[in-house]
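As structure tokens, the structure follows; a few thoughts come after it.
Both ligands and their constituent atoms are indexed starting at 1 by order of listing. Throughout, residue positions are numbered sequentially from 1 according to the sequence presented.
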Amino acid sequence: MGSQEKTVLVTGGAGFIGTHTVVQLLNDGFRVSIIDNFDNSVPEAVDRVRELVGPELSERLEFHLADLRNKQDLEDLFSQTSFDAVIHFAGLKAVGESVANPRRYFDNNLIGTINLYEVMAKYNCKKMVFSSSATVYGQPEKIPCVEDFQLMAMNPYGRTKLFLEEIARDIQKAEPEWRIILLRYFNPVGAHESGRLGEDPKGIPNNLIPYIQQVAVGRLPELNVYGHDYPTRDGTAIRDYIHVMDLADGHIAALKKLFATEDIGCTAYNLGTGCGTSVLEMVAAFEKASGKEIPIKLCPRRPGDATEVYASTEKAEKELGWKAKYGVEEMCRDQWNWGSNNPWGYLSEP
Ligand code: UD1
């Protein structure tokens with residue numbers, strides 16, 4: 001059976017990584033149903049997905065306003081449509097907020113996902129691609145991070161990802177017919193090359209690139225650089241930034257792997273580039289791409305931050321046949337194309 005006959009449920013499909021993945025799924029021939037509660041996304045993002053893929057492919061996309069915490073919403077959906085697989089993005093991801101309000105994280109991320117597994121099992125849909133995160137490596141003792149490293153959580157958000165990985169492994173062990181792929185994202189950045197889709201965080205961004213972008217468009221005065229005394233080449237922390245279109249393609253590769261591999265079990269893959277970039281290198285790359293100067297202020301380290309994190313990409317390359325295509329230059333180019341054309345994100349005005 002080719003992609004044409006396959007229907008995929010995408011939870012959180014209106015979000016940053018979700019929208020980019022849905023575009024690629026539709027372009028690849030899949031039918032897609034999105035479920036999203038717009039907690040951290042907007043209907044305009046789904047309209048733009050439709051606009052990008054065109055009217056014909058748009059007919060293969062359904063949207064459902066629903067919340068995973070409400071099991072009845074899921075029952076309604078699964079009783080109407082037979083899904084071949086689920087890509088599960090929906091979840092909260094702000095580390096600071098998770099420390100302040102852990103119950104909100106447990107409720108959304110844990111309860112939501114447990115409900116999803118229950119309903120999937122009931123309707124015999126047992127193929128899942130789950131959004132995990134490099135956060136499960138905690139403060140890695142060695143780099144690059146390899147999938148079989150010991151896992152660790154540093155905060156409630158990270159704990160939800162870690163628990164959900166463990167839950168996936170337990171379910172698959174008890175019911176071997178499940179096929180589950182856990183994708184550990186490193187630092188997703190960039191945007192669709194059209195400049196029509198991108199990340200649109202509510203409030204002041206927590207993550208580096210959205211913050212830099214808002215400085216570049218004049219929404220914020222300067223970037224706080226958290227830590228300049230790390231034992232790295234320029235004293236700032238190093239991360240593995242990955243273009244969101246590469247991530248999207250990683251999901252298609254994972255999905256195809258699930259369909260093709262009866263004995264995949266529950267398997268984790270890193271989605272990263274394998275290259276580390278420091279905060280100051282990222283600032284310089286963004287300045288070059290945008291032609292804007294990004295004023296910086298050197299600040300103390302942010303609690304809980306690791307010095308250097310980047311992925312081993314071997315397993316995904318070998319088993320998924322997937323490898324990131326884009327480098328930091330393209331990430332900043334596409335980020336700026338999105339940011340300069342949509343300085344207030346999906347809203348036209350503040
Ligand atoms: C963060 C989360 C991680 C989560 C990921 C989601 C923490 C400790 N980790 O990763 O669990 O999965 O986001 O996308 O929050 N930086 C600045 N100034 C800023 C913002 C960031 O200097 O205004 C620095 C940080 O100190 C860090 C680097 O930029 O060294 C990247 O930060 P960020 O984009 O927040 O990503 P992570 O911390 O890697």
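Under a cutoff of 6.0 Å and an axis angle of 45°, Arg184 and Tyr269 do not form a cation-pi pair. Annotation: cation-pi geometry not satisfied between Lys93 and Tyr157 (NZ/CZ under 6.0 angstrom from ring centroid, within 45° of ring axis).
Between atom 39 (O) of ligand 1 and the options Met154, Arg239, Glu199, Arg301, the minimum heavy-atom separation is to Arg239. Scanning Arg302, Glu222, Lys93 for the heavy atom closest to atom 38 (O) of ligand 1 points to Arg302. Residue Tyr226 holds the heavy atom nearest to atom 22 (O) of ligand 1 of all those in Tyr241, Tyr226, Phe16. Counting only non-hydrogen atoms, the option in Thr232, Ile212, Leu220, Asp305 that gets closest to atom 25 (C) of ligand 1 is Asp305. Of the candidates Asn224, Asn206, Val279, the one placing a heavy atom closest to atom 17 (C) of ligand 1 is Asn224.
Where the criterion is an N or O separation shorter than 3.5 Å, residue side chain and backbone included, Tyr211 fails it with respect to ligand 1. For ligand 1, one of its N or O atoms has an N or O atom of Leu208 under 3.5 Å away. In terms of polar-atom proximity, defined here as any N/O pair under 3.5 Å, Asn155 makes no such contact with ligand 1.
When each atom of ligand 1 is checked for a heavy atom of Tyr157 under 4.0 Å away, the hits are 4 (C), 11 (O), 12 (O). Near Ala237, with a cut-off below 4.0 Å to any heavy atom, the atoms of ligand 1 are 30 (O). Close approach of ligand 1 to Val225 (heavy-atom distance below 4.0 Å) involves ligand atoms 22 (O). Residue Ser133 approaches ligand 1 through these ligand atoms, each under 4.0 Å from one of its heavy atoms: 12 (O).
Phe78 and Tyr123 have tilted rings, their planes meeting at an angle from 30° to 60° on a 0 to 90° scale. Between Tyr326 and His243, the ring-plane angle classifies as tilted under the 30° and 60° cut-offs. Between Trp178 and Tyr117, the ring planes are perpendicular. Angles over 60° get that label, and only those under 30° would be called parallel. Ring geometry, His251 versus Phe89: the interplanar angle falls from 30° to 60°, so the pair is classed tilted.
Under a 4.0 Å N-O distance rule, the pair Asp39/Arg104 qualifies as a salt bridge.
The nearest heavy-atom contact from the protein to atom 7 (C) of ligand 1 is Val95 CG2, 3.6 Å. Protein heavy atom at the shortest distance from atom 5 (C) of ligand 1 is Asn207 ND2, 4.0 Å. Shortest contact from atom 11 (O) of ligand 1 to any protein heavy atom: Thr135 OG1, 3.1 Å. With respect to atom 37 (P) of ligand 1, the closest heavy atom belonging to the protein is Asn187 ND2, 3.6 Å.
Two different hydrophobic clusters hold Val95 and Val309 under the rule that ILVMFWY side chains link at heavy-atom gaps under 4.5 Å.
Atom CE of residue Met120 and atom CG of residue Leu116 lie 5.5 Å apart, to the nearest 0.5 angstrom.
The closest side-chain heavy-atom distance from Lys127 to Phe259 is below 4.5 Å.
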